[in-house]
Amino acid sequence: METNHLRLNEQIATAMEMVANTAGFLWNKGWAERNGGNLSINLTMLVSQPFPPFTTSYETELSEAAPLLANNLLYITATGSRMREVARDPFARGCFIQFNDTGSNCTIVAPSGLLPSSELPTHILIQQFLKSQGNGYTSVLHTHPTELIALSHCRPFLNQKYLSDILLGMMPEARMFVPKGIGLVPYQKPGTVLLARATISALVNHDVVLWEKHGVLAVGTNVEECFDSIDILNKSAQIFLSARQAGYVADGLTGNQLNNTAPP
Ligand code: 2HA
Ligand code: ZN
């Protein structure tokens, strides 16, 4: 079925505008080759207008119940969708997922032939985790930022504290806007529950996590905020690597300089 009737809900339409903008940023950054990356938003709190009924749709039982998502409504990009296509029309390249009143199964509405992202189990588990934290975070963004991935191919940087210190030392904004630094998730096969669980452990103390030799996942109050956090840390990685390419090692901000850089 088509999702045209959902376009009539103003709050959903506004949320989808931000999805479209963010997907465009990811494509323009070169972080979204082919169908790279995916994102989800918990729309439940955003949509106070009555949600149009799901007339033609399909139900699916979840392998693991998500009780904290009972009666919640999620948007997730569809499997195989290109971010450049999501940028043109998020309704045409995404799925809406309505959980039942126990969170044991869900109804999916999507344009015909579309299925949710292969990372759906990861998104459901993380969305549940965000709910349990009660921090108002609704959004999960996974993408492939080149320079951060490059650093994850070098063993010395696969140390959370060491890497975070380097990245937060490259410019004051990194410390100001991503004060928790970056969490590290050792390599796991994409789309697996193991990857989801390791990601959740790293999200306890971070809003941005680096998946070794794969990509980055960020959480936040909206997808543009997730994008901004990743963009800042990737800029730090670019500065660090540019200095290396020029033949020197970047000094990084001194302890004093960092102490004068309080988060806003
Ligand atoms: O959605 O990036 O990790 C495609 C991916 C899976
Ligand atoms: Zn990926």
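Just so you know, ligand 1 is whichever comes first in the structure, and atom 1 is the first atom listed for that ligand. Computation of the quantities below employed the complete heavy-atom set of this structure, encompassing side-chain atoms and omitting hydrogens, waters and symmetry-equivalent molecules.
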Participant: Is the closest basic N to carboxylate O distance between K161 and D165 below 4.0 Å?
Facilitator: yes

Participant: Can you confirm whether R197 sits close enough to L125 that some side-chain heavy atom of one is under 4.5 Å from a side-chain heavy atom of the other?
Facilitator: yes

Participant: Compute whether any side-chain donor of one residue and acceptor of the other, for N42 and T44, lie under 3.5 angstrom apart.
Facilitator: yes

Participant: Are W31 and V216 close enough, and set up right, to give a side-chain contact (heavy atoms from CB on, under 4.5 Å), and what steps lead you there?
Facilitator: CA-CA 10 Å; W31 298 351; V216 168; over 6 Å; no

Participant: Heavy-atom contacts with H214 under 4.0 Å: which atoms of ligand 1 show up? List them by number with element.
Facilitator: 3 (O)

Participant: Might you work through the side chain to side chain donor-acceptor pair (under 3.5 Å) test for E225 and T221, ending with a clear yes or no?
Facilitator: CA-CA 7 Å; E225 183 180 285; T221 55; 2.7 Å; yes

Participant: Can you list the atoms of ligand 1 that are under 4.0 Å from a heavy atom of H144?
Facilitator: 2 (O)

Participant: Which residue holds the protein heavy atom closest to atom 1 (O) of ligand 1, what is that atom called, and what is the gap in Å?
Facilitator: N38 ND2, 2.8 Å

Participant: How many protein N, O or S atoms sit closer than 2.8 Å to the Zn ion (ligand 2)?
Facilitator: 3

Participant: Please round to the nearest 0.5 Å and tell me the distance separating atom NZ of K180 and atom OG of S229.
Facilitator: 9.5 Å

Participant: Considering only non-hydrogen protein atoms, determine which one is nearest to atom 3 (O) of ligand 1 and report residue, atom name and distance to 0.1 Å.
Facilitator: E119 OE2, 2.7 Å

Participant: Do I126 and I200 come within less than 4.5 Å of each other through their side chains, counting heavy atoms only?
Facilitator: yes

Participant: For S118, is at least one N or O under 3.5 Å away from an N or O on ligand 1?
Facilitator: no

Participant: Can you pull out the closest protein heavy atom to atom 2 (O) of ligand 1? Residue, atom name and distance to 0.1 Å, please.
Facilitator: G37 N, 2.9 Å

Participant: Under 4.0 Å from any heavy atom of N35, which atoms of ligand 1 are there?
Facilitator: 1 (O), 4 (C)

Participant: Side chains of K131 and L69, heavy atoms from C-beta outward: is any pair under 4.5 Å?
Facilitator: yes

Participant: Under a single-linkage definition using a 4.5 Å side-chain heavy-atom cutoff for Ile, Leu, Val, Met, Phe, Trp and Tyr, are L141 and M16 assigned to the same hydrophobic cluster?
Facilitator: yes

